[in-house]
Amino acid sequence: LIFENKSIKKKECTFMDYVQSGVRLGMDIAIDFTGSNGHPADLISLHHVSPGFQNDYEIAINSCGSIIAQYDYDQLFPVFGFGAKIRDDTDPSMCFPITLSENVYINGIPEVINQYHNCLNNITFWGPTYFTPIIRQVLSDISHEENNLNYHILMILTDGVINDMDTTIDALVEGSFKPLSVIIIGIGNADFTNMDILDADDNPLVDSRQRKSARDLVQFVPFNKYKNDAKELARQVLEEVPRQIVEFYENCKDISQRRLTLNNFSPKFSVFQLVLISPFLSWSVILILIGQIFSQAPHKTQSSFLDLIF
């Protein structure tokens with residue numbers, strides 16, 4: 001008898017495996033209200049509001065926010081502002097709910113726009129531009145959750161240069177060990193050099209204690225470059241998120257806390273799940289999954305399947 005020694009490979013989990021096993025995606029939004037954006041009454045302000053006109057922040061919230069919102073599990077978004085004085089306050093706030101109340105959650109993207117308009121009427125644009133308090137707020141929210149199954153996607157809309165680069169890097173390195181991705185949407189035509197550094201595609205972030213980021217968790221998208229191409233904008237916004245999610249759970253040491261095992265993974269896909277993940281897939285993969293759906297429900301015709309999608 002000849003025995004062949006073959007190593008048994010562990011199944012590598014995919015983004016969809018984690019979603020099917022209970023990971024829930026949630027979006028947090030942060031909006032830059034610093035003075036460099038220009039006063040809202042000024043026609044050239046990035047926050048200018050007038051009847052029949054949408055400024056770049058509104059367009060970005062609607063387009064980029066709606067892209068990410070498709071994957072949010074409850075459609076309730078914590079939305080924060082930073083860099084402005086609230087009503088009669090003498091000092092600017094670096095992290096405040098745009099509802100200007102204790103309730104940070106806003107139901108749906110249209111209501112985010114409504115609350116954004118209301119907020120503009122009750123704040124004074126100021127500065128400086130700090131990312132750290134926003135990131136720390138989300139990390140604090142994560143720390144109060146029972147487990148790591150809620151994965152946060154923080155979308156920061158900003159007009160450019162930040163004034164707390166070092167502490168932002170410290171916060172992001174800490175965030176690389178947490179269920180968090182950060183998508184920075186650059187509004188306007190400012191110098192976004194620091195945003196490319198935070199993106200860290202070429203050089204991993206290293207904090208002030210010389211601790212290296214556990215994974216890449218930042219994606220920078222210059223909005224002006226893609227705002228006239230909805231398909232490419234969606235690809236840019238979501239391009240790195242699936243990989244970032246997989247890398248976090250692969251590195252997650254507390255297996256009992258994440259409660260994800262291969263036994264929970266189901267190879268079956270529904271039409272809804274296919275539509276959900278389609279932005280991340282090539283056409284060849286989509287066709288394979290369509291074949292899986294038909295094999296699971298052989299009594300369904302092609303026309304009934306297409307009716308479910310369209």
Side-chain angles (χ1 to χ4, degrees), residues 27-40 42 44-48 54-68 79-84 92 94-95 116 125-136 138 153-173 175-176 180-208 213 215-241 243-244:
M27 177 173 66
D28 302 71
I29 303 174
I31 303 172
D32 184 342
F33 291 116
T34 55
S36 56
N37 286 280
H39 192 281
D42 192 331
I44 63 172
S45 170
L46 295 172
H47 283 287
H48 177 69
Q54 279 193 320
N55 64 48
D56 279 355
Y57 276 90
E58 290 177 278
I59 297 171
I61 292 169
N62 271 317
S63 55
C64 300
S66 295
I67 291 167
I68 305 171
V79 186
F80 303 97
F82 60 94
M94 295 303 132
C95 181
Y116 163 75
F125 285 24
W126 210 257
T129 303
Y130 289 163
F131 281 5
T132 305
I134 293 289
I135 299 171
R136 292 289 181 195
V138 177
I153 301 174
L154 170 60
M155 181 177 73
I156 302 176
L157 299 102
T158 184
D159 74 329
V161 178
I162 65 172
N163 304 109
D164 63 340
M165 189 69 171
D166 291 342
T167 55
T168 291
I169 290 175
D170 285 351
L172 288 173
V173 170
S176 71
L180 173 68
S181 286
V182 179
I183 301 174
I184 303 172
I185 309 296
I187 307 296
N189 297 305
D191 181 3
F192 291 115
T193 301
N194 281 344
M195 304 301 114
D196 289 323
I197 294 174
L198 295 179
D199 196 320
D201 284 338
D202 299 321
N203 298 301
L205 296 176
V206 178
D207 68 12
S208 57
S213 179
R215 61 190 173 91
D216 175 23
L217 75 159
V218 179
Q219 168 75 342
F220 169 64
V221 180
F223 181 67
N224 275 1
K225 185 176 180 179
Y226 304 107
K227 70 178 181 180
N228 295 319
D229 186 341
K231 183 177 180 180
E232 183 61 19
L233 178 64
R235 192 184 74 82
Q236 289 292 324
V237 169
L238 296 174
E239 183 176 33
E240 297 184 6
V241 172
R243 174 180 55 79
Q244 291 171 357

Heavy-atom check, side chain of I184 versus side chain of M155, under 4.5 Å: no
Y57 and H47 aromatic ring geometry - parallel, tilted or perpendicular at 30°/60° bounds: parallel
Derivation of the side chain to side chain contact (heavy atoms under 4.5 Å, CB included) call for T129 and F82: CA-CA 8 Å; T129 303; F82 60 94; 3.9 Å; yes
Distance in Å, M27 CE paired with I153 CD1, rounded so as to fall on 0.5 Å steps: 8.5 Å
Aromatic ring pairing Y116/F33, orientation class (parallel under 30°, perpendicular over 60°, tilted between): parallel
Candidate pair F131 and I156, rule side chain to side chain contact (heavy atoms under 4.5 Å, CB included), full reasoning: CA-CA 9 Å; F131 281 5; I156 302 176; 3.9 Å; yes
Student check: side-chain heavy atoms of L233 and C64 closer than 4.5 Å: yes
OG1-CD1 distance between T158 and I185, expressed to the nearest 0.5 angstrom: 11.0 Å
Side chain proximity check, Y130 to N163, heavy atoms < 4.5 angstrom: yes
Short side-chain to backbone donor-acceptor contact, N37 and T34, under 3.5 Å: yes
Nearest heavy-atom neighbours spanning G127 and P92: O-CG, 3.4 Å
Euclidean distance, S181 OG relative to D28 CG, rounded to 0.5 Å: 11.5 Å
Distance (rounded to the nearest 0.5 Å) between L238 CG and I183 CD1: 6.0 Å
L205 CG to I197 CD1 distance, which is reported to the nearest 0.5 Å: 9.5 Å
4.5 Å side-chain heavy-atom contact, N224 and N189: yes
Which atom of L46 lies closest to which atom of I187, heavy atoms considered: CD1-O, 3.9 Å
Taking every non-hydrogen atom, the tightest pair across Q244 and Q219: NE2-N, 4.5 Å
Shortest non-hydrogen contact from T132 toward T168: OG1-N, 3.2 Å
Audit row: D164, D166, side chain to side chain contact (heavy atoms under 4.5 Å, CB included) steps and yes/no: CA-CA 6 Å; D164 63 340; D166 291 342; over 6 Å; no
Rounded distance (nearest 0.5 Å) linking atom CG of L157 with atom CD1 of I59: 12.0 Å
Any donor-acceptor N/O pair, D199 side chain to F220 backbone, under 3.5 Å: yes
Criterion side chain to side chain contact (heavy atoms under 4.5 Å, CB included) on E58 and N55, from CA distance to verdict: CA-CA 5 Å; E58 290 177 278; N55 64 48; 3.3 Å; yes
Taking every non-hydrogen atom, the tightest pair across V218 and E240: O-OE1, 3.3 Å
Contact check, side chains of Q236 and P222, non-hydrogen atoms, under 4.5 Å: no
Backbone N/O of S208 and side chain of D170: donor-acceptor pair under 3.5 Å: yes
Shortest non-hydrogen separation from P40 to F125 and the atoms involved: CG-CZ, 3.7 Å
Non-hydrogen side-chain atoms of I162 and L198 separated by less than 4.5 Å: yes
S45 (side chain) donor-acceptor with G38 (main chain) under 3.5 angstrom: yes
Sub-4.5 Å side-chain heavy-atom contact between I31 and V79: yes
